[in-house]
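First the structure, in the form of structure tokens, and then the observations on it.
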Amino acid sequence: MSLTLKIILGMILGFITGSVINFFSLNNNFYINTYFIEGIFEIIGSIFISSLKLMVVPLVFFSLSTGVASFDKEKKISLIAFKTLLLYLFTTALAISLGLIIAIFVSPGSGLDLVTLTQFNAPEAPSLKSVIIDIFPTNPVQAMAEGKMLQIIVFSIFFGIALRLTKDINKNLFEIMTNITNVIMKMVFILINFAPIGVFCLLASLFAIQGFDVLGNLAEYFFLVIFVLLIHGLVVYPSLLYFFTRINPYWFFGKLRPLMIFAFSTSSSNATMPVTLKTVTEDIGVDKKIASFTIPLGATINMDGTAIMQGVATVFIANAYNIDLSTLDYLMVILTATLASIGTAGVPGVGLIMLAMVLSQVGLPTEGIALILGVDRILDMLRTVVNVTGDSTVSTIVASSEKAFNNNK
Ligand code: ASP
């Protein structure tokens, strides 16, 4: 049986096991809860996520700095960075516009009973100024210890540029760093072999706790977000990919399948990043030099699935509170959501923090987030799949524009 098939099987079995436990209320049974849900499933699931996260910081630093250092002198790194940034921002703006337009058309949340509202303490949104300043680290070790991805990216690029300029006298260092990158990639490969068990445990524990009875009057919102996610994933990305690269989207999505399951079960583009890098370079054939920059950056700033949720949620909450938004408000939503995605890392649930920024920007009550909280955990999984698919698509488009592919792929 191929590894991909095993991972898919792990996902299906995990979902079934969790749902059965939940359906028969076995999660209230002391032994099942203690030994399985909060025991085996949670322990193995947490170790699996921790091991993935363990790879992130060393992988970004070594692969990105050696990637930058190995660029030919005449290649313009800044041009590649510019193209990548532009594409990430463009796809995010497109995603939120799509979410808004379809939601305005369907108008979910009209006539909702607000009496049932629970309290929600909206997280505080950082200002744009502090987000920009925060991209630049004061201490590389601290940035790495705290896992501040944009800061690590800035330091790694800077280091890589200096390494390139001193390559003649620093040949050994460059070779050692390249070898370390290969070793870390090998660690990622080893970890992926444990994915079927990890994925099983993560999904079993989640669905054992999270039943589908939370849907209630959120069904319209829930399915609308999924519908827009599907359109973005199955229509927008394949079209962009084919338009820019002429690569067969069917082949491309086939290669991405295991990656999507990783994203789905971890709900974190950051934790999935090592697997995204492996998939894009090994399976799609994107040159490591390009992917080592585009993938970590994408895991941090490109969240199209999250943007879609924000678009639909904004309209939903406005309707629920009977507040009319003007065209200018909608434009503000697009702008804020796109900018907010830059400063927030791809970890579970961060979408809600971004939504709080968007809502307060257009004067909608942030308590409205309480309305959609019940179904957010499952939507988080699905939108993370779209987020990593977007990272992979943009990386492939950038690589294609630079003709930076491994020929044998
Ligand atoms: N979990 C998402 C990610 O890591 C972010 C979010 O939508 O909350 O990409």
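In listed order, ligands and their atoms are each counted from 1. In this chain, residues are counted from 1 in sequence order. In this text the structure is predicted, and so the values were computed from the model without any measurement.
- Contacts between Val347 and ligand 1, counted as non-hydrogen atom pairs separated by less than 4.0 Å, involve the backbone only.
- The contact set between ligand 1 and Gly351, taken as ligand atoms under 4.0 Å from a residue heavy atom, comprises 6 (C), 7 (O), 8 (O).
- With contacts defined as side-chain heavy-atom distances shorter than 4.5 Å, the pair Glu402/Ile290 qualifies.
- Within ligand 1, the atoms closer than 4.0 Å to a non-hydrogen atom of Ser268 are 4 (O), numbered from 1 in the order shown.
- Within the 6.0 Å centre-distance limit, the rings of Phe200 and Phe41 are counted as a close aromatic pair.
- Cation-pi contact between Arg257 and Phe253: absent, since separation from the ring centre below 6.0 Å together with deviation from the ring axis within 45° is not met.
- Residue-level proximity to ligand 1 for Val350 is carried by backbone and side chain together, each with a heavy atom below 4.0 angstrom.
- Looking only at protein heavy atoms, the nearest one to atom 2 (C) of ligand 1 is Thr384 OG1, 3.3 Å.
- A salt bridge does not link Arg383 to Asp304: none of the charged nitrogens lies less than 4.0 Å from a carboxylate oxygen.
- Aromatic ring centres of Phe36 and Tyr31: separated by at least 6.0 Å.
- In this structure, Asp391 and Met273 have side chains that are not in contact, with every pair of non-hydrogen atoms separated by 4.5 Å or more.
- Close contacts of ligand 1 with Gly349, meaning ligand atoms under 4.0 Å from a residue heavy atom, involve 8 (O).
- At a 4.0 Å heavy-atom cut-off, ligand 1 touches Ser267 through the backbone alone.
- Of the polar atoms of Asn270, none of the N or O atoms is found under 3.5 Å from an N or O of ligand 1, judged by distance alone.
- Ranking protein heavy atoms by distance to atom 9 (O) of ligand 1, first place goes to Ser269 OG, 2.3 Å.
- Side-chain contact check for Pro258 versus Thr279: every heavy-atom pair is 4.5 Å or farther apart.
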